[in-house]
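Please read the structure below before turning to the comments.
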Amino acid sequence: MEGGFAGNTGPPNSFDKSEVLDVKPLRSLLPVFPAPGATNGPPFGTAPPNSPFPSGFSPFFPFSPPQGSPSTPVINQNPFDSTAVPIRSFRAEQPTSNGKNVHSSNKRKLAGLSSLKKKAKRSNVSELALAALSNFKPGINAVEKDDGDRELVETVLMRFDALRRKVSQIEDSKEQHSEVFKHANLKAGNIMLTKGVRTNGRKRIGVVPGVEIGDIFFFRMELILVGVHSQSMAGIDFMPMQGSDIEGERVAISIVSAGGYEDDAEDPDVLVYTGQGGNASADKEASDQKLVRGNLALERSLHRANEVRVIRGFKDVTHQTSKVYVYDGLFKVQESWIEKGKTGCNMFKYKLVRIPGQAGAFSTWKSIKKWRADPSSREGLILPDLTSGAESTPVPLVNEVDDEKGPAYFTYVSTVKYPKSFKLVQQPSVGCNCSDACKPGNSNCPCNQKNGGDFPYIANGILVCRKPMIYECGSSCPCFRNCKNRVSQTGFKVRFEVFKTRDKGWGLRSWDPIRAGTFLCEYAGEVIEKVEGQAGEDGANKGYVFHTNRVYESFKWDHETESAGEASSNAGEAFNIPSPLIISSKNSGNVARFMNHSCSPNVFWQPITYEQNNEAFLHVAFFAKKHIPPMTELTYDYGTPPESVADHGKKKCLCGSSKCRGYFY
DNA sequence: GTTTCTTCATAGGT
DNA sequence: CACCTATGAAGAAA
């Protein structure tokens, strides 16, 4: 995969580095850290117990609500309550004809200017929009900035991504090639750092509180924000060695291996990492690497035997152009040597060995890669595709825990079916006039207008924020099937797996790493009338029902600015459902029927409508609440019945979160 | 304190 | 997709 060269797990030429490079001799170092005999007892406070996979999540703490605001109503009957900042109504300036050349020739000069001057060059529009987005309460104190925990890490990551999605949405709505900010992730990261919304900002050796092995990231900025690796591009992060008697001694504390150099990562427990520098660039030829900066720090870490965090980066299978990073735990540098790289220049090599006893992360990814290539190699496989081809992506059925051969019989259907008699509560709406695909910035597009002017999705079908209702393009829209406003109706793209859980029956998880905001699937099944007079509210459908009229715990997912208004700021995350909907997946359904309940879930639902054959139908769509590592069980909050319908219908909850309500329905 | 330098980024193009 | 290039920001070093 990484094209590593075979057999390079040892030093082929152990010649003295000081002969090749003019460096201070390192052998004067005394191995004072750590204490002898203490090398094999790393603190595994973050390792999930009793599970080969990252085990889910600590309680999710939503963003702090505005001071004194009342608790959020869950059902909001006013669809236009949302007071989002109206940034999309602006139109970007046209670029100058030779804007590109001017820009590049000014590059050198601009580099030295203050950010203020650079900003002044941008259009007022972008500045206004960004200023509006920057106007939020940091909600993080000095202690939390220095040292985090699981809640803080999750909150910071979710707030970053909410902001990034919003910046990206603004970027998408601009005219093409207009002179606006690019790189939504950098802009969002910059705002977060400027406002001090970060955690674990104090550098440290070893475990980062709240960051667990197997956690995934989609931007280098995210690594900085939670203190895993505080270099925005460089692969080696280091810090001063405390108590060192050597002037300016620095040890490596984390490295990123992401394909930038010829690393050897065949063995999950051994990483042969290439030092930094020596690459050819626009103004420079390839050269020998020097024993400075990160390389020197790694050399010191070899002598000091300190723990080094390893983050591995891969091409994201679902978004070919971008990368996904996995925190793979603690390693130690075991040896180093110099060898000639492909350019013929000397490269430093560092052999890092994984400290034993840690939960698997990269090893899980390697297994998945094998299953992808040969699905029949999946351990415990019962059925290669339980959808029988109904979905474009197969869904294997596996059981690795007991002898059960599968769930009770049901018919697989990919979408929700309304009975003929169903009384439509929504008028069919007019389609758009967009010829090929609806454009995010087109304020004349009726589909955009129905969505309140904001295009609901950014690239790759990522949801920007929750809405009272999302209106996708329907069959009367002339735009093509691949219009970006048809995310939920084109079927799921995630490589799911239905598996037998240890204590909750069958469950759902994914082979793919999932970004926050990713559309997962809809809740398929038959729309039914309320069943009266039977045990529990669902009667014979019990356990396989979705109700839109249950009480769902409110949570904050969107980026929230102070200017959005105190009183109604949460209203945008309540729903506007014209009339309650009950879907049963008892007899027929899709993968959603296997999703279990959790009181701190990683998935949420969102109502969506689009029209088919001149009738508008409501769909229940599921989206990822946060980044979800592969093989992590997918769960959503089942909610509670509006009245205490039947206490005997409740079940003991096994979600295990500290926010667990004890029961679910 | 300020500026320059280095860096296993990204996104969008061909 | 394998490569190209424009844009770009953090932190260390100067």
Side-chain angles (χ1 to χ4, degrees), chain A residues 2-4 95 99-115 117-119 121-122 164 167-168 171-172 176-194 198 201 203 217-225 227-240 248 250 252-265 271-284 287 289-290 292-298 310-317 319-326 341 347-350 458-460:
Chain A
E2 306 295 306
K100 255 186 181 172
N101 293 335
V102 168
H103 202 88
S104 62
S105 67
N106 280 347
K107 197 174 165 184
R108 285 279 159 219
K109 275 188 251 172
L110 276 173
L113 297 179
S114 72
S115 61
K117 278 190 177 175
K118 270 196 274 185
K119 278 182 182 172
K121 193 172 177 293
R122 293 202 194 95
R164 182 194 68 84
V167 174
S168 202
E171 168 70 19
D172 283 354
Q176 264 195 326
H177 307 303
S178 62
E179 191 79 13
V180 295
F181 49 89
K182 297 207 164 68
H183 298 263
N185 75 90
L186 293 180
K187 189 49 67 189
N190 178 251
I191 292 173
M192 295 282 284
L193 290 171
T194 306
R198 65 185 303 176
K203 285 198 183 195
F217 307 87
F218 291 88
F219 298 96
R220 290 287 296 265
M221 269 295 179
E222 294 177 325
L223 300 177
I224 298 174
L225 288 169
V228 191
H229 184 87
S230 61
Q231 301 288 330
S232 63
M233 291 179 79
I236 306 166
D237 195 13
F238 46 88
M239 66 177 280
R250 290 166 179 86
I253 55 174
S254 58
I255 57 171
V256 176
S257 173
Y261 293 78
E262 300 158 3
D263 296 345
D264 184 339
L271 170 64
V272 177
Y273 189 79
T274 308
Q276 62 189 184
N279 283 333
S281 69
D283 5 311
K284 266 195 310 199
S287 60
Q289 290 187 341
K290 296 190 182 72
V292 295
R293 302 172 196 277
N295 299 343
L296 182 54
L298 273 170
V310 168
I311 300 102
R312 310 210 189 220
F314 315 91
K315 242 180 209 170
D316 185 357
V317 278
H319 311 97
Q320 287 294 346
T321 164
S322 52
K323 276 180 178 163
V324 54
Y325 300 92
V326 187
M347 315 285 264
F348 286 94
K349 293 283 175 177
Y350 298 93
I458 51 175
N460 301 311

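Across B:dA9, C:dA12, B:dT6, the shortest atom-to-atom separation from the side chain of A:Gln231 is found for C:dA12. Among the nucleotides C:dA13, B:dT7, B:dA9, the one closest to any side-chain atom of A:Phe238 is C:dA13. Checked against C:dA9, C:dG8, B:dC8, the side chain of A:Met221 finds its nearest nucleotide in C:dA9. For A:Asn185, the listed nucleotide lying nearest its side chain is B:dA11; candidates were C:dA10, B:dA11, B:dA9. Of all nucleotides listed (B:dC8, C:dA9, C:dA13), B:dC8 comes nearest to the side chain of A:Asp263.
Judged purely by atom type and a 3.5 angstrom limit, A:Tyr273 has no side-chain atom pairing as donor or acceptor with the backbone of A:Ala265. Proximity of a side-chain donor or acceptor of A:His229 to a complementary backbone N or O of A:Ala234 within less than 3.5 Å is detected. Remark: side-chain polar atoms of A:Lys187 are not paired, donor with acceptor, to backbone N or O of A:Val167 under 3.5 angstrom. The backbone N or O of A:Ala184 lies less than 3.5 Å from no partner atom in the side chain of A:Ser168, so there is not a single donor-acceptor pair. Between the side chain of A:Gln276 and the backbone N or O of A:Gly294 there is at least one donor-acceptor pair closer than 3.5 Å.
Protein atom CD of A:Glu171 is 11 Å distant from nucleotide atom C1' of B:dG12, rounded to whole Å. Atom NE2 in A:His183 sits roughly 9 Å away from atom P in C:dT7 (whole-Å rounding). Atom CD1 in A:Ile253 sits about 17 Å away from atom P in C:dA10, given to the nearest Å. Between the C1' atom of B:dC8 and the NZ atom of A:Lys349 lies a distance of 12 Å, rounded to the nearest Å. Rounded to an integer number of Å, the gap from A:Leu296 CG to B:dT7 P is 14 Å. For the pair A:Asn190 CG and C:dA9 P, the interatomic distance rounds to 6 Å; values are reported in whole Å. Computed from coordinates, the A:Leu186 CG to C:dA6 C1' distance equals 13 Å when rounded to whole Å. Protein atom CZ of A:Arg220 is 13 Å distant from nucleotide atom P of C:dA10, rounded to whole Å.
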Could you go through the side-chain contact (heavy atoms from CB on, under 4.5 Å) check for A:Tyr350 and A:Ile255 one step at a time? CA-CA 11 Å; A:Tyr350 298 93; A:Ile255 57 171; over 6 Å; no

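Stem regions for DNA chain C, each three or more consecutive Watson-Crick or G-U pairs with both distances under 3.5 Å and listed by first number, read B:2-7 with C:9-14, B:9-14 with C:2-7.
Contact annotation: A:Arg250 side-chain N/O to C:dG11 OP1/OP2 distance is not under 4.0 Å. Note on A:Lys187: a side-chain N or O is less than 4.0 Å away from OP1 or OP2 of C:dA9. Within the structure, a side-chain polar atom (N or O) of A:Tyr325 is placed less than 4.0 Å from OP1 or OP2 of B:dA9. Residue A:Lys323 has no polar side-chain atom (N or O) positioned under 4.0 Å from OP1 or OP2 of B:dT10. Between A:Arg293 and the phosphate of C:dA12, there is no side-chain N or O to OP1/OP2 separation shorter than 4.0 Å. An OP1 or OP2 oxygen of B:dC8 is reached within less than 4.0 angstrom by no side-chain nitrogen or oxygen of A:Tyr350.
Counting non-hydrogen atoms under 4.0 angstrom, A:Phe219 reaches the backbone sugars and phosphates but no base. Counting non-hydrogen atoms under 4.0 angstrom, A:Arg198 reaches the backbone sugars and phosphates but no base. Within the nucleic acid shown, A:Lys203 comes within 4.0 Å of sugar-phosphate atoms alone, with no base atom in reach, counting heavy atoms only. Within 4.0 Å (heavy atoms only), A:Gly277 reaches sugar-phosphate atoms of the nucleic acid but no base atom.
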Pick out the pairs of N or O atoms, protein on one side and nucleotides 3-5 of chain C on the other, that lie under 3.5 Å.
none

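Comparing A:Leu193 and A:Gln320 by the nucleotide of DNA chain C that holds the closest heavy atom to each, the one mapping nearer the 5' end is A:Gln320. For A:Asn279 and A:Ser322, each mapped to the nucleotide of DNA chain B holding its nearest heavy atom, the one lying further toward the 5' end belongs to A:Asn279. Both A:Ser232 and A:Lys315 lie close to DNA chain C; mapped to their nearest nucleotides by heavy-atom distance, the more 5′-ward contact belongs to A:Lys315.
Residues forming a side-chain contact (heavy atoms from CB on, under 4.5 Å) with A:Asn279 (at least two apart in sequence, or on another chain): A:Tyr261. Residues passing the salt bridge (Lys or Arg N to Asp or Glu O under 4.0 Å) test with A:Arg312, sequence neighbours excluded: A:Asp328. Annotation: salt bridge (Lys or Arg N to Asp or Glu O under 4.0 Å) contacts of A:Lys203 (sequence neighbours excluded): A:Asp237. With sequence neighbours excluded, the residues satisfying side-chain contact (heavy atoms from CB on, under 4.5 Å) with A:Leu193 are A:Arg198, A:Met221, A:Ile224, A:Leu225.
When side chains are defined from C-beta on, A:Gln231 counts as touching A:Arg220, because their heavy atoms get closer than 4.5 Å.
Separation of the P atoms belonging to C:dT7 and B:dT7 is 22 Å when rounded to the nearest angstrom.
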